[in-house]
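Have a look at the structure below before the remarks.
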Amino acid sequence: MTIQRMDNVGIVVDDLDAAVAFFVELGMAVEGRAPIEGPWADQTVGIDGVRSEIAVLVTPDGHGRLELAKYLEPVASEMSPPNPPPNTLGLHRVMFAVDDVDDAVARLRGHGAEVLGEIANYENIYRLCYLRGPAGIIVALAERVG
(Lines give C-alpha, C1' and ligand atoms only; values in the text may rest on other atoms or scores of the structure.)
Protein backbone atom coordinates (compact mmCIF):
# COMPACT_ATOMS: atom_id res chain seq x y z
CA MET A 1 0.00 0.00 0.00
CA THR A 2 1.25 3.51 -0.81
CA ILE A 3 -0.03 6.90 0.19
CA GLN A 4 -2.28 8.78 -2.20
CA ARG A 5 -1.08 12.31 -1.40
CA MET A 6 -0.06 14.58 1.45
CA ASP A 7 -3.38 16.11 2.51
CA ASN A 8 -2.32 18.98 4.77
CA VAL A 9 0.02 20.24 7.46
CA GLY A 10 -1.69 20.94 10.79
CA ILE A 11 -0.55 23.78 13.04
CA VAL A 12 -1.95 24.70 16.46
CA VAL A 13 -2.30 28.44 17.00
CA ASP A 14 -3.47 30.64 19.86
CA ASP A 15 -5.24 33.25 17.70
CA LEU A 16 -7.04 31.61 14.79
CA ASP A 17 -8.24 34.86 13.21
CA ALA A 18 -4.73 36.37 13.23
CA ALA A 19 -3.19 33.20 11.78
CA VAL A 20 -5.81 33.02 9.03
CA ALA A 21 -5.22 36.70 8.18
CA PHE A 22 -1.44 36.08 8.02
CA PHE A 23 -1.72 33.20 5.55
CA VAL A 24 -4.43 34.96 3.51
CA GLU A 25 -2.04 37.93 3.21
CA LEU A 26 0.56 35.50 1.87
CA GLY A 27 -1.89 34.44 -0.85
CA MET A 28 -3.70 31.41 0.52
CA ALA A 29 -7.49 31.15 0.45
CA VAL A 30 -9.78 29.88 3.20
CA GLU A 31 -11.28 26.61 2.03
CA GLY A 32 -13.37 26.07 5.13
CA ARG A 33 -13.74 26.72 8.82
CA ALA A 34 -15.52 24.55 11.38
CA PRO A 35 -15.87 23.65 15.06
CA ILE A 36 -14.45 20.23 15.95
CA GLU A 37 -15.67 18.21 18.94
CA GLY A 38 -17.22 14.92 19.93
CA PRO A 39 -16.17 11.31 20.48
CA TRP A 40 -14.56 10.96 17.04
CA ALA A 41 -12.35 14.02 17.72
CA ASP A 42 -11.35 12.67 21.15
CA GLN A 43 -10.50 9.29 19.61
CA THR A 44 -8.52 10.83 16.75
CA VAL A 45 -6.24 13.09 18.83
CA GLY A 46 -6.16 10.92 21.98
CA ILE A 47 -7.44 13.65 24.32
CA ASP A 48 -10.81 13.52 26.09
CA GLY A 49 -13.14 16.52 25.85
CA VAL A 50 -11.59 18.16 22.81
CA ARG A 51 -13.27 21.31 21.56
CA SER A 52 -11.47 23.22 18.83
CA GLU A 53 -12.02 25.36 15.80
CA ILE A 54 -10.13 24.76 12.59
CA ALA A 55 -9.59 26.67 9.38
CA VAL A 56 -8.28 24.98 6.24
CA LEU A 57 -6.37 27.18 3.82
CA VAL A 58 -5.32 26.25 0.30
CA THR A 59 -2.52 27.53 -1.94
CA PRO A 60 -3.44 29.22 -5.24
CA ASP A 61 -2.53 26.09 -7.23
CA GLY A 62 -4.99 24.03 -5.16
CA HIS A 63 -2.41 21.45 -4.07
CA GLY A 64 -1.07 22.67 -0.72
CA ARG A 65 -3.18 22.97 2.42
CA LEU A 66 -2.68 24.15 5.98
CA GLU A 67 -5.06 23.19 8.75
CA LEU A 68 -4.88 25.79 11.51
CA ALA A 69 -6.42 24.73 14.82
CA LYS A 70 -7.25 26.63 17.99
CA TYR A 71 -7.93 24.38 20.97
CA LEU A 72 -10.69 25.75 23.19
CA GLU A 73 -10.68 22.71 25.53
CA PRO A 74 -8.30 21.61 26.74
CA VAL A 75 -6.33 24.82 26.23
CA ALA A 76 -3.18 24.28 24.17
CA SER A 77 0.05 24.08 26.11
CA GLU A 78 2.78 26.65 25.57
CA MET A 79 5.77 25.81 23.39
CA SER A 80 8.94 25.39 25.41
CA PRO A 81 11.08 27.29 24.89
CA PRO A 82 8.94 29.99 23.28
CA ASN A 83 9.99 30.66 19.68
CA PRO A 84 12.51 27.81 19.44
CA PRO A 85 15.41 28.22 16.99
CA PRO A 86 15.20 26.67 13.50
CA ASN A 87 17.39 23.69 14.53
CA THR A 88 14.90 22.44 17.18
CA LEU A 89 13.75 18.84 16.73
CA GLY A 90 10.27 18.43 15.28
CA LEU A 91 8.45 20.36 12.59
CA HIS A 92 11.09 22.62 11.10
CA ARG A 93 9.19 25.08 8.93
CA VAL A 94 6.62 25.55 6.19
CA MET A 95 8.03 26.88 2.89
CA PHE A 96 6.19 28.78 0.19
CA ALA A 97 7.32 29.78 -3.29
CA VAL A 98 6.53 33.47 -3.83
CA ASP A 99 6.79 35.90 -6.74
CA ASP A 100 8.50 38.64 -4.71
CA VAL A 101 10.17 37.96 -1.36
CA ASP A 102 10.56 41.65 -0.50
CA ASP A 103 6.86 42.35 -1.10
CA ALA A 104 5.78 39.26 0.85
CA VAL A 105 8.00 40.16 3.82
CA ALA A 106 6.74 43.76 3.83
CA ARG A 107 3.10 42.63 3.81
CA LEU A 108 3.62 39.95 6.46
CA ARG A 109 5.43 42.37 8.79
CA GLY A 110 2.04 44.08 9.05
CA HIS A 111 0.82 40.84 10.65
CA GLY A 112 3.68 40.66 13.16
CA ALA A 113 6.17 38.61 11.11
CA GLU A 114 9.85 38.99 11.95
CA VAL A 115 12.66 37.93 9.61
CA LEU A 116 14.98 35.56 11.50
CA GLY A 117 18.16 36.45 9.64
CA GLU A 118 18.09 38.29 6.36
CA ILE A 119 17.01 37.70 2.79
CA ALA A 120 19.77 35.59 1.24
CA ASN A 121 20.76 34.86 -2.33
CA TYR A 122 21.38 31.17 -3.07
CA GLU A 123 23.68 30.90 -6.11
CA ASN A 124 21.62 33.46 -8.07
CA ILE A 125 18.83 30.87 -8.30
CA TYR A 126 16.69 31.72 -5.25
CA ARG A 127 16.22 34.55 -2.81
CA LEU A 128 15.31 32.94 0.51
CA CYS A 129 14.40 33.91 4.04
CA TYR A 130 12.93 32.50 7.22
CA LEU A 131 10.46 34.54 9.20
CA ARG A 132 8.54 33.87 12.36
CA GLY A 133 4.79 34.04 11.96
CA PRO A 134 1.77 33.47 14.19
CA ALA A 135 2.20 31.10 17.16
CA GLY A 136 5.96 31.06 16.52
CA ILE A 137 5.61 29.22 13.20
CA ILE A 138 8.72 29.48 11.05
CA VAL A 139 7.68 30.30 7.49
CA ALA A 140 10.27 30.12 4.72
CA LEU A 141 9.84 32.12 1.51
CA ALA A 142 11.60 31.35 -1.76
CA GLU A 143 11.66 33.56 -4.85
CA ARG A 144 13.13 31.99 -7.96
CA VAL A 145 15.43 34.50 -9.66
CA GLY A 146 17.58 32.41 -11.96
Side-chain angles (χ1 to χ4, degrees), residues 3 5-38 40-42 44-47 49-146:
I3 62 172
R5 68 181 180 278
M6 187 176 109
D7 195 55
N8 67 56
V9 173
I11 302 173
V12 176
V13 298
D14 56 350
D15 185 336
L16 189 59
D17 292 330
V20 167
F22 178 91
F23 288 105
V24 166
E25 184 68 41
L26 187 56
M28 298 186 83
V30 176
E31 188 173 64
R33 197 164 169 159
I36 303 294
E37 63 183 295
W40 70 270
D42 296 355
T44 301
V45 300
I47 300 173
V50 167
R51 278 191 339 103
S52 64
E53 183 180 2
I54 66 164
V56 176
L57 293 100
V58 62
T59 56
D61 67 359
H63 296 292
R65 285 178 175 70
L66 286 179
E67 180 182 294
L68 303 174
K70 176 175 176 61
Y71 278 80
L72 306 170
E73 289 184 26
V75 175
S77 58
E78 291 291 324
M79 188 181 313
S80 180
N83 296 323
N87 64 340
T88 302
L89 294 175
L91 180 65
H92 179 61
R93 52 132 177 92
V94 177
M95 179 176 263
F96 296 95
V98 297
D99 294 331
D100 183 338
V101 163
D102 296 308
D103 177 62
V105 167
R107 289 189 349 262
L108 294 175
R109 278 191 171 130
H111 292 271
E114 298 176 21
V115 176
L116 296 183
E118 57 187 79
I119 298 172
N121 185 316
Y122 173 71
E123 298 184 357
N124 292 319
I125 300 170
Y126 287 101
R127 295 183 69 231
L128 305 161
C129 72
Y130 280 13
L131 53 89
R132 193 164 307 272
I137 303 164
I138 296 176
V139 175
L141 303 176
E143 172 189 351
R144 187 168 183 87
V145 294

Parallel, tilted or perpendicular: ring planes of His111 versus Phe22, cut at 30 and 60 degrees: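 If you compare the ring of His111 with that of Phe22, the planes turn out perpendicular.
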Whether [X] side chain and [Y] backbone form a donor-acceptor pair below 3.5 Å:
| X | Y | value |
| --- | --- | --- |
| Arg107 | Glu25 | yes |
| Glu143 | Val101 | yes |
| Arg127 | Asn124 | no |

Give me the atom names and distance for the closest heavy-atom approach of [X] to [Y].
| X | Y | result |
| --- | --- | --- |
| Arg65 | Asp7 | CB-O, 3.6 Å |
| Leu16 | Ala55 | CD1-CB, 4.2 Å |
| Leu66 | Met28 | CD1-SD, 3.9 Å |

Between CG on residue Asp17 and CD on residue Glu53, distance to nearest 0.5 Å: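 Atom-to-atom, Asp17:CG and Glu53:CD are 7.0 Å apart.
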Nearest-0.5 Å distance, CZ of residue Phe23 to CG of residue Leu57: 8.0 Å
Side chains of [X] and [Y] in contact at under 4.5 Å (non-hydrogen atoms):
| X | Y | result |
| --- | --- | --- |
| Val98 | Asp103 | no |
| Val13 | Val20 | no |
| Leu116 | Ile138 | yes |
| Arg144 | Ile125 | yes |

Residue Asp61 excluded, over 12 heavy atoms near CG under 6.0 Å: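 Correct, the count exceeds 12.
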